[in-house]
Amino acid sequence: MRVRKSATLAASALVLALTATACGSDDSNGGSSDGGDSNDTLTIGIKYDQPGLGLQTADGDFTGFDVDIARYVAAELGVEEDDITWRQAQSPERENMIKNGDVDFIVATYSITDQRKEEVSFAGPYFVAAQDLLMRSGESISSNDEIGDLNLCSVSGSTSAQKIQEDIAPDANLQPYGGYSECLTGLENGAVDALTTDNTILAGYAAQDEHQGKFELAGLDLGPEHYGIGIPKDDTELQEKINAALEKMFEDGAWAEAVEKNLGPAGFEVPDAPEITEGK
Amino acid sequence: MFDFLDLQRYDLFGAFWVTAQLAVFSAIGSLILGTILAGMRVSPVPLMRVFGTGYVNIVRNTPLTVIILFTSLGLFQTLGIAMGGDTFTETNFRLAVLGLTAYTAAFVCEALRSGINTVPVGQAEAARALGLSFTQVLRLVVLPQAFRSVVAPLANVLIALTKNTTVAAAIGVAEAALLMKTMIENEAQVFLIGGIFALGFILLTLPTGLLLGWVSKRVAVKR
């Protein structure tokens with residue numbers, strides 16, 4: 001009995017020590033990365049699973065429009081590409097990752113909204129996406145009135161799904177799924193007629209090798225999404241620097257090149273660069 | 001602090017109502033299917049025993065998400081089984097009940113089988129000696145006692161089922177977890193929203209557990 005008691009004590013002491021050190025290292029991490037550009041490393045949050053925007057390839061590298069934006073901004077902040085640490089920023093975790101200092105900034109199809117601005121700040125926008133439909137090639141519709149007759153698919157809880165249900169076509173038959181891949185399966189085998197979300201995301205899927213030629217964008221504009229770079233709240237210094245980097249990227253053609261490279265294969269026309277509105 | 005909680009916009013009670021419906025329908029379905037499976041597992045027919053054992057071991061060891069997604073992607077999208085639903089909403093709800101029933105039945109079966117083992121063998125033998133058939137032995141002698149001794153484990157299964165209904169969000173059933181996703185997307189308040197939904201589930205499951213705990217004491221077979 002005595003032995004067991006002391007063993008329990010030792011175990012709980014060990015657990016306590018471990019958790020305590022874990023907290024400690026977290027804190028120091030957050031502290032050192034707070035400055036962002038003062039030291040020459042950056043931790044950037046991106047999507048790992050969004051073709052054309054932020055995707056981890058089989059060999060561990062990252063590709064996509066968001067990634068190209070992040071690389072350019074990092075270079076402008078004086079950080080070598082090897083010194084960038086990528087972190088996965090899943091949609092519901094983005095605010096907390098910024099608040100906890102896990103990342104210096106987030107470039108992950110992060111729409112600028114008033115609710116989010118209460119928690120974090122943004123730089124940019126670096127892109128204005130529009131909600132659109134992805135349909136099987138040759139079947140796409142040309143007017144918004146026809147949306148109500150379609151079997152639509154989108155990701156459950158997403159802004160696009162909500163817009164369909166609340167404004168665009170409340171009577172439409174909407175199938176929400178946990179991810180886009182289930183919708184693409186449905187689109188392929190005919191269970192749904194259209195997948196709806198931001199045209200950037202749709203273009204990324206349509207441009208994938210295995211989907212090329214099968215799907216096309218309907219080209220409807222169902223409402224804009226302003227993608228911004230998420231930064232810690234009221235960090236105006238970082239905001240100005242990122243805004244300046246984005247301005248430069250718009251002007252020297254690197255931005256248009258990135259759009260063309262990542263979204264072009266789906267027939268996505270390079271739009272005009274957006275106007276920087278955050279921090280002005 | 002709670003100004004994001006706009007009940008006009010977010011139908012919190014409606015979402016939990018769907019959760020409760022999912023849980024109740026699946027509970028009824030899985031109790032029936034689980035009882036049949038348990039009967040199969042103790043039956044004198046080898047083929048039935050093999051089927052029962054096979055079902056339990058396959059379904060119990062398959063992740064629920066896989067089962068639920070299979071009902072939608074496999075049964076509905078590929079095989080076209082819409083369960084008589086006209087809209088995605090109806091179809092998804094029924095598919096989710098089907099998936100949850102199939103999954104939970106395996107656990108009900110095992111809980112019930114452990115209850116059957118608590119009934120002394122002599123009782124079944126005595127019933128056989130009186131000339132009762134296998135189904136009569138099960139129905140009149142063994143199962144009534146077995147059920148009484150497994151109310152508490154079945155309460156566990158039922159509570160797990162209530163929480164498992166959140167997986168139905170994966171195929172778009174508009175229950176609590178899906179509303180939570182929607183609210184987090186709009187409101188950027190992960191902890192508060194998460195807390196509200198956790199509380200909602202506690203309010204659903206805690207009374208279930210307390211009630212069934214009380215029932216379990218009341219109906220226990222005193223031996």
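Because the structure is predicted, anything quoted here is derived from the model rather than measured. Reminder, nothing fancy here: chain letters follow the sequence lines and each chain counts from 1.
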Answer with side chain, backbone, both or neither: which region of [X] has an atom nearer than 4.5 Å to a non-hydrogen atom of chain A?
X	answer
Ser72(B)	both
Leu69(B)	side chain
Ile171(B)	both
Asn186(B)	both

Will you find, in the side chains of Ser158(A) and Glu185(B), an N or O donor that is under 3.5 Å from an N or O acceptor? no

Can you give me the closest heavy-atom contact between Leu178(B) and Ser156(A), atom names plus distance? CD1-CB, 3.6 Å

Leading residue by heavy atom contact count with chain B [cutoff under 4.5 Å; candidates [options]]:
options	answer
Asn173(A), Leu174(A), Asn151(A), Val155(A)	Asn173(A)
Arg94(A), Glu95(A), Glu93(A)	Glu95(A)
Ala191(A), Gly178(A), Pro176(A)	Pro176(A)

Anything in residues 108-122 of chain A with a heavy-atom distance to chain B below 4.5 Å? Please list those residues in order. Gln115(A), Arg116(A), Glu119(A)

Report, in residue-number order, which members of residues 222-230 of chain A are under 4.5 Å from chain B by heavy-atom distance. none

Where on Leu187(A) is there a heavy atom nearer than 4.5 Å to chain B: the side chain, the backbone, both, or neither? neither

Interchain contact, Glu182(A) with chain B, by part (heavy-atom threshold 4.5 Å): both

Once you round to the nearest 0.5 Å, how far does CD of Gln162(A) lie from OG1 of Thr182(B)? 5.0 Å

Rounded to the nearest 0.5 Å, what separates atom CG in Asn189(A) from atom CG in Leu79(B)? 10.0 Å

Output all residues satisfying ring-ring contact (aromatic ring centres under 6.0 Å, His included) with Tyr55(B), sequence neighbours left out; order by chain, then residue number. none

Could you list all the side-chain hydrogen bond (donor to acceptor under 3.5 Å, both in side chains) pairs where at least one residue sits in residues 126-135 of chain A, not counting sequence neighbours? Asp66(A)-Tyr126(A), Gln131(A)-Thr196(A)

Assert top hit (heavy-atom pairs under 4.5 Å, partner chain A, pool Gln77(B), Met180(B), Arg9(B)) equals Gln77(B)

